[in-house]
Structure formats: structure tokens, C-alpha cells
Amino acid sequence: MESPAETRRYVLPHIARMEGYVPGEQPQGGTFIKLNTNENPYPPSSRVKQALVEAVTDGLRLYPDPSGLAFRKTAAALHGVEPDMILAGNGSDDVLTILTRTFVGPGDLAAFPTPSYLLYSTLISLQDGRAHVVPFDADWRLDLDAFRAPGVRLVYLANPNSPSGTAIAPAEVAALAERLDCPLVVDEAYGDFARENCIALLKDHPNVIVTRSFSKGYSLAGLRLGYLVADAGIVAELNKVKDSYNCDALSLAAGKAALEDQAYLAETRSKILATRSRLADALRQSGRTVTDSQANFVWATGGPAPEATFQELKRRSIFVRLMRYPGYPAGLRISVGTDAEIDRLLEVLRDLP
Ligand SMILES: *Cc1c(COP(=O)(O)O)cnc(C)c1O
């Protein structure tokens with residue numbers, strides 16, 4: 001058998017140099033409380049199950065619609081845009097990959113803030129591009145001019161941001177878009193939980209691209225579906241880059257049904273927001289600092305050492321995410337679970353040394 005070094009030389013140098021993205025831990029089997037990757041604690045809309053059953057019955061023999069027109073029509077109607085402004089992907093991560101492949105080439109610069117979603121850096125490395133990293137200040141604000149380095153070909157902004165849960169107001173996102181001579185990807189994976197979103201900016205800012213996920217708000221992380229809303233000309237270019245059948249018949253049917261049940265989204269959303277504020281209050285009372293979250297998780301720093309708390313919770317089968325970013329205090333990112341899950345978490349936290 002060849003040694004790893006023997007075969008590694010076949011690999012493109014920029015790939016061999018890369019670390020590879022490490023997703024959050026997905027424990028399998030057993031009983032635990034999973035609050036580490038921001039899944040929705042409630043089941044998807046019952047209409048999703050019905051749509052899946054129908055799609056399994058008549059849909060699997062043939063290839064799916066390559067562009068997912070029926071899905072795109074539903075998404076377009078929801079956002080008040082045209083279907084040719086929507087592109088669907090195998091999760092919003094696929095949409096982010098398509099965007100990066102379209103706009104970032106070898107040696108090109110792409111910008112994103114830190115601390116934020118770590119995948120952006122991986123996607124840029126896959127293209128052999130270079131990252132231009134803009135730091136958040138201690139209050140999770142950004143210096144918009146700092147994104148404007150010469151040669152920046154794409155900017156990513158998770159909004160609401162992870163791990164902070166904080167959001168930049170649409171007017172400020174518009175001000176950023178106006179400063180840029182490149183597309184601005186507003187990653188709204190958590191947009192379903194936020195007070196505002198940036199889709200209305202598209203009208204006057206053709207360089208704004210908004211991405212959405214079904215994994216958080218719609219309880220469909222296991223299905224893999226996301227989409228973006230952008231200028232129709234941009235979408236036409238992205239269509240050349242995506243895999244022909246990047247979304248399967250089941251996810252397209254389920255996603256359409258999920259979007260059609262906005263009443264269910266509102267119901268689960270309001271439960272999550274209520275639990276979120278209870279969780280944040282309790283964590284603050286325990287001496288931790290908690291940001292004003294607009295997402296389905298909270299970010300807690302300070303107080304009892306986060307590393308020790310993380311380990312103790314894990315020992316008791318409660319998974320949260322310990323995150324460390326150079327130059328920022330370590331913290332715990334805790335997904336908003338059901339009331340029972342959060343009660344249990346708070347009970348364990350109270351008993352910790
Ligand atoms: C979860 C998440 C995504 C990925 O969502 P998928 O649709 O599951 O691929 C993208 N961006 C951010 C900021 C996220 O937290």
C-alpha cells in the first residue's frame with residue numbers, strides 16, 4: 001500500500017495544502033440532547049410528508065426538473081420576485097459553492113467577516129483563491145470600508161451571523177453593497193428567525209444575492225435544500241455552473257410544500273423565539289454575556305469557563321458547540337431546543353461546579 005505522501009502528490013497543490021471543513025458533531029444513536037448544529041427542534045410541516053409520499057409514488061423513475069421550476073415559482077411568489085431570480089441548491093452550502101465557483105478564481109480575493117461561518121474560507125481555498133478577512137468589533141459591528149480591498153471579487157455576509165446571532169440592519173447592508181464593485185452574498189440561513197431580511201434590497205442593488213436554507217427555519221436539515229434570490233442575469237450565469245440535477249425530486253417537492261405552509265413556520269418560529277429569550281435570560285443570570293440573538297441559537301461568553309462547561313454538558317449527553325476564534329473570547333453556541341430540552345440544559349448548568 002502506498003503511503004499517504006505517495007498519493008498526495010497526485011492532488012492539486014492547493015487542495016493538498018487545505019485543511020478541509022469540519023462540520024459540527026453529528027452523534028448517531030443513543031439518547032442525547034442535540035443543541036450543537038442549530039437544527040429545528042420541531043418536526044417539519046405535515047404537508048412535507050404528504051408531498052414526499054406523492055413524490056416517491058410518481059416521481060423517482062425520471063430525472064427531476066433540472067431547474068426546479070415548480071419550486072422556484074413558489075419561492076418567487078413568496079418573495080415577490082420572478083422565478084428566473086431563484087436558483088435552488090442541495091442545501092444552501094451548495095448554493096454558496098456555486099457562487100464561489102462562479103466568481104472566485106485562482107489567486108482572486110474574496111472577503112468575509114470573522115467570527116463567522118467557517119465554510120466561506122474553505123470554499124475560497126477550494127478555488128485556490130485568497131481570503132480577505134474583516135473583523136467584527138467587540139459589539140459585533142463591521143467597518144464597511146474594510147471590505148473594499150482592491151481586487152475583491154465576492155463578499156459573504158452571514159446575516160444573522162453565526163456564532164453571534166446578531167444581525168446587520170438592511171440599510172447598512174445596502175450601504176455595504178453600494179461600496180462594492182462585486183456581488184455581496186447575504187447568507188440568510190437564519191433569516192426565518194430575524195426581525196428583518198435583505199430581499200427587498202435586490203430591487204435597487206443588483207449586486208446583492210440572498211441565500212436561504214430549509215435546514216433551520218423549515219426543520220429539513222436532513223433533506224438538503226436551499227436557494228438564492230438574485231438578479232436574473234446573475235442567476236443565468238450560475239445555472240451554467242451548477243450540476244444539472246443538483247436538487248432531487250424529493251427535496252424539490254418537499255421544499256415547495258414547506259414554503260406553502262407559512263402558518264406552520266410562523267407557529268414554530270414564535271415558539272423558538274419565546275424559548276430563545278428564556279434561555280438568554282437564564283444564561284445572563286448565571287453570569288454569562290449573551291448577545292441579542294436574531295437566530296435559533298444563543299452565543300454565551302464569559303462567566304464559568306466555556307471549555308469546562310462544554311465538557312461537563314457532553315458527559316451528560318447534552319451537545320452544544322464550543323467555539324474559539326483567535327482574538328475573541330471563547331464561547332458556547334447553544335441551539336434553541338424545545339422547552340423541555342432547554343429546561344434540562346438549565347437544570348444541568350445550575351448543578352455544575
Ligand atoms: C446552517 C448554515 C448554512 C447551511 O445551510 P444548509 O442549507 O444546511 O446547507 C449556511 N450558512 C450558515 C451561516 C449556516 O449556519
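Taking 4.0 Å as the cut-off between side-chain N and carboxylate O, E347 and R344 count as a salt-bridged pair. Salt bridge D281/R278: absent, no basic N to carboxylate O contact under 4.0 Å. For R324 and E307, the salt-bridge test passes: some basic side-chain N is under 4.0 Å from an acidic carboxylate O. Ion pairing between D351 and R316 fails under the 4.0 Å rule for side-chain N and carboxylate O. Between D339 and K271 there is no salt bridge, since no side-chain nitrogen of the basic residue lies less than 4.0 Å from a carboxylate oxygen of the acidic one.
Side chains of F147 and V152 form no contact here, defined as non-hydrogen atoms less than 4.5 Å apart. Within the 4.5 Å cutoff, side-chain heavy atoms of T37 are placed close to those of Q26. Proximity of L60 to L250: side-chain heavy atoms (C-beta onward) are separated by under 4.5 Å at one or more points. A 4.5 Å side-chain heavy-atom check between R315 and Q311 finds every atom pair outside the cut-off.
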So D128 and L12, side chain to side chain contact (heavy atoms under 4.5 Å, CB included) or not? Walk me through it. CA-CA 10 Å; D128 202 9; L12 289 172; over 6 Å; no
Run the numbers on V22 and L118 for side chain to side chain contact (heavy atoms under 4.5 Å, CB included), then give the verdict. CA-CA 9 Å; V22 184; L118 294 167; over 6 Å; no
Determine, stepwise, if the pair D65 / R72 fulfils salt bridge (charged side-chain N to carboxylate O under 4.0 Å, His left out). CA-CA 11 Å; D65 174 1; R72 289 190 296 118; 5.9 Å; no
Using the ring pair (Phe, Tyr, Trp, His ring centres under 6.0 Å) rule, take Y264 and Y42 through it: C-alpha gap first, then chi angles, then the decisive distance, then the call. CA-CA 10 Å; Y264 184 76; Y42 300 106; 8.3 Å; no
Using the rule given for side chain to side chain contact (heavy atoms under 4.5 Å, CB included), can you reason through L99 versus L123, listing the C-alpha separation, both sets of side-chain angles and the distance that settles it, and then say yes or no? CA-CA 10 Å; L99 287 165; L123 295 177; over 6 Å; no
Working for side chain to side chain donor-acceptor pair (under 3.5 Å), residues R288 and S286: CA-CA 6 Å; R288 294 171 172 92; S286 71; 2.7 Å; yes
Assess whether side chain to side chain donor-acceptor pair (under 3.5 Å) is satisfied between D248 and S251, documenting all intermediate values. CA-CA 6 Å; D248 59 79; S251 21; 3.0 Å; yes
Is there a side chain to side chain contact (heavy atoms under 4.5 Å, CB included) between V173 and L157? Walk through the geometry before answering. CA-CA 9 Å; V173 176; L157 180 71; 4.0 Å; yes
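Environment of CD in E82: sparse, with no more than 12 heavy atoms of neighbouring residues, nucleotides or ligands closer than 6.0 Å. For D181, the CG atom is loosely surrounded, since the number of other residues' heavy atoms within 6.0 Å does not exceed 12.
A pairwise comparison of heavy atoms in A257 and A51 identifies CB-CB, 3.6 Å as the closest pair. Between A110 and V104 the shortest heavy-atom distance is CB-CG2, 4.0 Å. The nearest pair of heavy atoms linking V290 to R284 is O-NH2, 3.0 Å. Pairing each heavy atom of A146 with each of H132, the nearest pair is O-NE2, 2.7 Å. Of all heavy-atom pairs between G89 and N246, the closest is CA-ND2, 3.5 Å. Scanning all heavy atoms of the two residues, the minimum distance from H14 to S125 falls at CD2-O, 3.1 Å.
E188 CD to E196 CD: the interatomic distance, rounded to the nearest 0.5 Å, is 10.5 Å. E237 contributes atom CD, which lies 8.0 Å from atom OG1 of T102 (distance to the nearest 0.5 angstrom). How far NZ of K240 is from CZ of R101: 13.5 Å, rounded to the nearest 0.5 Å. Interatomic distance, N38 CG to S335 OG, rounded to the nearest 0.5 Å: 3.5 Å. Rounding to the nearest 0.5 Å gives a distance of 11.5 Å between CG of N36 and CG of L322. Interatomic distance, OG1 of T97 versus CG of L119, reported as 6.0 Å (0.5 Å rounding).
Counted by atom type alone, N161 and T166 present zero donor-acceptor pairs between their side chains at under 3.5 Å.
F136 and Y328 have their aromatic ring centers separated by at least 6.0 angstrom.
Using a distance-only test at 3.5 Å, with no hydrogens or angles considered, a donor-acceptor pair links the side chain of E341 to the main chain of T338. Formation of a donor-acceptor pair under 3.5 Å by the R130 side chain with backbone atoms of G107 is found in this model. In this structure a side-chain-to-backbone donor-acceptor pair under 3.5 Å is missing from K242 to D94. Judged by distance alone, the side chain of R212 and the main-chain N or O of G191 form no donor-acceptor pair under 3.5 Å. A donor-acceptor pair under 3.5 Å is absent between the side-chain atoms of R148 and the main chain of L176, judged by distance alone. Side-chain atoms of S293 come within 3.5 Å of backbone atoms of A295 as a donor-acceptor pair (strictly under, hydrogens ignored).
Evaluated for a side-chain contact (heavy atoms from CB on, under 4.5 Å) with T211, the options D93, V186, D187, I98 yield exactly one hit, D187. Put simply, the residue from T268, V48, N40 that forms a side-chain contact (heavy atoms from CB on, under 4.5 Å) with S219 is N40. Under the side-chain contact (heavy atoms from CB on, under 4.5 Å) rule, F103 has a single partner from I209, V241, V155, which is I209.
In this view, Y117 and Y120 satisfy the ring-ring contact (aromatic ring centres under 6.0 Å, His included) rule, not counting sequence neighbours.
L144 is connected to Y156 through a chain of hydrophobic side-chain contacts under 4.5 Å among Ile, Leu, Val, Met, Phe, Trp and Tyr, so both are in one cluster. Linking ILVMFWY side-chain heavy atoms closer than 4.5 Å, directly or via other members, places M323 and L313 in two distinct hydrophobic clusters. Connection of L228 to L154 is established within a shared hydrophobic cluster, with ILVMFWY side chains joined at heavy-atom distances below 4.5 Å, either directly or through further cluster members. The cluster map of Ile, Leu, Val, Met, Phe, Trp and Tyr, joined by side-chain heavy atoms under 4.5 Å apart, puts L35 and L352 in the same cluster. No continuous path of hydrophobic side-chain contacts links L349 to F319 [ILVMFWY only; heavy atoms under 4.5 Å].
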